[in-house]
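Notes to accompany the following structure.
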Amino acid sequence: MTAKPVKHREEHILIVTDGKGHREIHLENNTYSIGRGAQCSIMLQSQFVSRHHATLIKREEEEGNYYRIIDGDSEGKTSFNGLLINGKIVRFHDLKHADKVSFGPQVE
């Protein structure tokens, strides 16, 4: 009898701090829109956040899955305040454990 390999289930969590306080969002979908607009799948409470500030896209690789964050929407329109990852302005970034994403003052 041969044992079947156990498939490791990856869990991705986005921890958000904004005007609503501190919350954890378990990421499971392939894409998320992030911003203050009511149509966004992850809404942020801050006047400094664009209506559609960023987009999360799930990437599947042999080594494992991860999310790429892109400044702005899927149409290429960037946010007003930009996207900071670990203190650096970026257009996009492949997220890793403990990356700090800043959408504006007091919104992480």
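Quick caveat, the model's predicted, so the values are computed rather than measured.
In plain terms, the two heavy atoms of Cys40 and Ser33 that are nearest each other are CA-OG, 3.2 Å. The heavy-atom pair separating Thr17 from His22 by the smallest distance is OG1-ND1, 3.2 Å.
Through direct or relayed side-chain contacts under 4.5 Å between Ile, Leu, Val, Met, Phe, Trp and Tyr, Phe80 connects to no other residue.
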Indicate every side-chain donor-acceptor pair of residues 54-61 with a distance under 3.5 Å to a residue at least two apart or in another chain.
{"from": "Thr55", "atom 1": "OG1", "to": "His52", "atom 2": "NE2", "distance (Å)": "3.1"}
{"from": "Thr55", "atom 1": "OG1", "to": "Gly72", "atom 2": "O", "distance (Å)": "2.8"}

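Note that CD1 of Ile34 is 12.5 Å distant from CG of Asp73, once rounded to the nearest 0.5 Å. Within the model, atoms CD1 of Ile13 and CD of Glu28 stand 10.0 Å from one another, a figure rounded to the nearest 0.5 Å. Here the OH-NE2 distance, from Tyr66 to His93, works out to 10.5 Å after rounding to the nearest 0.5 Å.
Atom NE2 of His26 has more than 12 heavy atoms from other residues, nucleotides or ligands within 6.0 Å. Residue Lys88 qualifies as open at atom NZ: its count of foreign heavy atoms under 6.0 Å is 12 or below.
Taking 4.5 Å as the limit, every side-chain heavy atom of Arg36 sits out of range of all side-chain heavy atoms of His53. Annotation: side chain of Asp18 is in contact with side chain of Arg23 (closest heavy-atom distance under 4.5 Å). Under the 4.5 Å side-chain criterion, counting only non-hydrogen atoms from C-beta, Arg68 is in contact with Phe92. Put simply, the side chain of Leu95 does not reach to within 4.5 Å of the side chain of Leu27, judged on heavy atoms. Looking only at side-chain heavy atoms (C-beta outward), Ile42 and Leu14 come within less than 4.5 Å of each other. Side-chain contact between Asn81 and Val49: absent, with no pair of heavy atoms (C-beta onward) separated by less than 4.5 Å.
By the rule that hydrophobic residues join a cluster once side-chain heavy atoms approach within less than 4.5 Å of another member, Val101 and Val16 end up as members of one cluster. Note on Met43: it does not cluster hydrophobically with Ile69, by side-chain heavy-atom contacts below 4.5 Å among ILVMFWY residues. Linking ILVMFWY side-chain heavy atoms closer than 4.5 Å, directly or via other members, places Phe103 and Ile85 in a single hydrophobic cluster. Linking ILVMFWY side-chain heavy atoms closer than 4.5 Å, directly or via other members, places Ile70 and Leu44 in two distinct hydrophobic clusters.
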Between Ile89 and Leu83, is the side-chain contact (heavy atoms from CB on, under 4.5 Å) condition met? List the steps. CA-CA 6 Å; Ile89 297 174; Leu83 189 61; over 6 Å; no

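In terms of modelled atom types and a separation under 3.5 Å, the side chain of Lys100 and the main chain of Ala98 share no donor-acceptor contact.
Considering only residues two or more places apart in sequence or on other chains, Asp99 meets the salt bridge (Lys or Arg N to Asp or Glu O under 4.0 Å) condition with none of them.
For the 3.5 Å distance criterion, the side chains of Ser79 and Asp71 qualify, holding a donor opposite an acceptor.
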